[in-house]
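Counting begins at 1 with the first residue of the sequence.
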Amino acid sequence: MQISMKCSIAVHCLIFIHEAKGTAKVTSNLLAKSTGCNPVIIRNIISSLKKAGIITVPRGTGGAELCADPSQITLYQIYTALEPDGLASLIGIHPCQDRPCPVAQNIRKVLQTPYNKIEDSIKETMESITLQSMIDEFDHIVNPLD
C-alpha cells in the first residue's frame, strides 16, 4: 500500500505557495527547484490542483495562489485532485475469480467489506488533516521557539 509521491510533491508545492505569498511569484520552475522534480511533473500537478479549485494560476504571468484558506483545504482534497480513483485502488485484489477454486471464486466478496472499511478510515483521516495543520507543522519545525 502506498500513496504516490505526487501527493507529497503537491503538499510541498502548496506549502511553498503559501509561504511565498507576497514575496515571490511562484512558477513551475521555482517549484521544480524547490522540490527537485522535473518542471513537467510540477506543471501536471499544478494543473490537477487548479482543476480541483485548490489553486489559481493567472494565464501568461504565472504566480500560483491558493483559492481557499488553508484550513479549508484537506489532504483528501489534495490527494483526490491528483489521484481521482486512488483510494479505491489503494488495496488491490489479485485476479483469480475464474479459477475452479471456491476460495478464488469468492475472495473478492470476502475482502470487499474489510477493504471498504480500510478505505473509509483512510478517507476520514485524510479529511481531518488540513493544509493549515501541515503549514503549522512546517512553521513549528522551521521556528521551534515560536
Side-chain angles (χ1 to χ4, degrees), residues 1-98 104 106-146:
M1 246 175 46
Q2 182 177 346
I3 295 176
S4 81
M5 284 191 290
K6 287 193 288 186
C7 188
S8 69
I9 295 167
V11 171
H12 181 134
C13 292
L14 292 169
I15 292 173
F16 190 101
I17 290 166
H18 177 269
E19 294 297 308
K21 185 176 183 176
T23 62
K25 184 166 100 171
V26 180
T27 64
S28 57
N29 287 333
L30 185 58
L31 291 170
K33 287 178 185 172
S34 177
T35 62
C37 293
N38 185 302
V40 173
I41 293 170
I42 297 300
R43 283 191 284 277
N44 289 334
I45 288 171
I46 293 300
S47 175
S48 295
L49 295 171
K50 185 177 175 183
K51 285 178 190 168
I54 295 172
I55 63 168
T56 184
V57 183
R59 188 172 290 286
T61 62
E65 295 181 9
L66 298 177
C67 285
D69 187 274
S71 64
Q72 302 301 310
I73 301 170
T74 69
L75 184 57
Y76 182 73
Q77 289 172 305
I78 297 165
Y79 176 69
T80 56
L82 303 163
E83 306 278 352
D85 300 319
L87 206 52
S89 64
L90 199 57
I91 306 172
I93 301 174
H94 61 292
C96 64
Q97 61 273 12
D98 295 335
N106 293 289
I107 195 67
R108 285 190 177 279
K109 293 175 190 166
V110 169
L111 292 173
Q112 186 173 359
T113 299
Y115 281 13
N116 284 342
K117 285 182 181 179
I118 293 167
E119 288 173 16
D120 291 345
S121 177
I122 293 169
K123 179 181 177 184
E124 183 179 319
T125 300
M126 291 178 87
E127 285 178 330
S128 73
I129 300 167
T130 65
L131 178 58
Q132 185 62 57
S133 68
M134 293 182 281
I135 290 168
D136 292 345
E137 180 66 16
F138 168 77
D139 288 342
H140 176 73
I141 291 167
V142 173
N143 303 304
L145 300 177
D146 288 349

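In this structure the side chain of Glu83 never reaches within 4.5 angstrom of the side chain of Cys7, judged on heavy atoms. Inter-residue side-chain proximity for Ile129 and Thr74 is flagged as unmet; no heavy-atom pair is nearer than 4.5 Å. Contact of the Ile107 side chain with the Cys96 side chain is registered, since non-hydrogen atoms from C-beta on lie closer than 4.5 Å.
Note that CE of Met134 and NE2 of His12 are 13.0 Å apart. Values are rounded to the nearest 0.5 Å. Atom CD1 of residue Ile122 and atom OH of residue Tyr79 lie 8.0 Å apart, to the nearest 0.5 angstrom. Here the SG atom belonging to Cys13 is positioned 6.0 Å from the CD1 atom belonging to Ile45, to the nearest 0.5 angstrom. Remark: Gln97 CD to Lys109 NZ distance equals 10.5 Å, nearest 0.5 Å.
The minimum heavy-atom distance between Ala10 and Ile78, with the atom names listed, is CB-CG2, 3.8 Å. Here the closest heavy-atom approach between residue Val57 and residue Ile55 is recorded as CG2-CD1, 4.0 Å. Smallest separation of non-hydrogen atoms from Leu66 and Ile17: N-CG2, 3.9 Å. Of all heavy-atom pairs spanning Leu82 and Ser48, the tightest one is CD2-CB, 3.8 Å. The heavy-atom pair separating Cys67 from Gly53 by the smallest distance is CB-O, 3.2 Å. Across all non-hydrogen atoms, the minimal contact from Glu19 to Asp139 is OE2-OD1, 3.5 Å.
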side-chain contact (heavy atoms from CB on, under 4.5 Å) between Leu87 and Lys123, intermediate numbers included: CA-CA 8 Å; Leu87 206 52; Lys123 179 181 177 184; 3.6 Å; yes

Steps toward side-chain contact (heavy atoms from CB on, under 4.5 Å) verdict (Ile9, Ile42): CA-CA 8 Å; Ile9 295 167; Ile42 297 300; 3.8 Å; yes

Test log, rule side-chain contact (heavy atoms from CB on, under 4.5 Å), inputs Asn44 and Ile41: CA-CA 5 Å; Asn44 289 334; Ile41 293 170; 5.6 Å; no

Chi angles and distances behind the side-chain contact (heavy atoms from CB on, under 4.5 Å) call for Ile15, His18: CA-CA 5 Å; Ile15 292 173; His18 177 269; 5.6 Å; no

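Residue Lys50 qualifies as enclosed at atom NZ: its count of foreign heavy atoms under 6.0 Å is above 12. Other residues, nucleotides and ligands place no more than 12 heavy atoms under 6.0 Å from the CG atom of Asp85.
Listed for the Gln72 side chain is no donor-acceptor partner under 3.5 Å among the backbone atoms of Asp69. Distance alone, capped at 3.5 Å, is enough to place a donor-acceptor pair between the Thr80 side chain and the Tyr76 backbone. The backbone N or O of Leu31 sits less than 3.5 Å from a side-chain atom of Thr35, completing a donor-acceptor pair.
A salt bridge is absent between Glu65 and Lys21: the closest approach of a Lys/Arg side-chain nitrogen to an acidic carboxylate oxygen does not fall below 4.0 angstrom.
Side chain to side chain, Asn29 and Thr27 fail the donor-acceptor criterion of an N or O pair below 3.5 Å.
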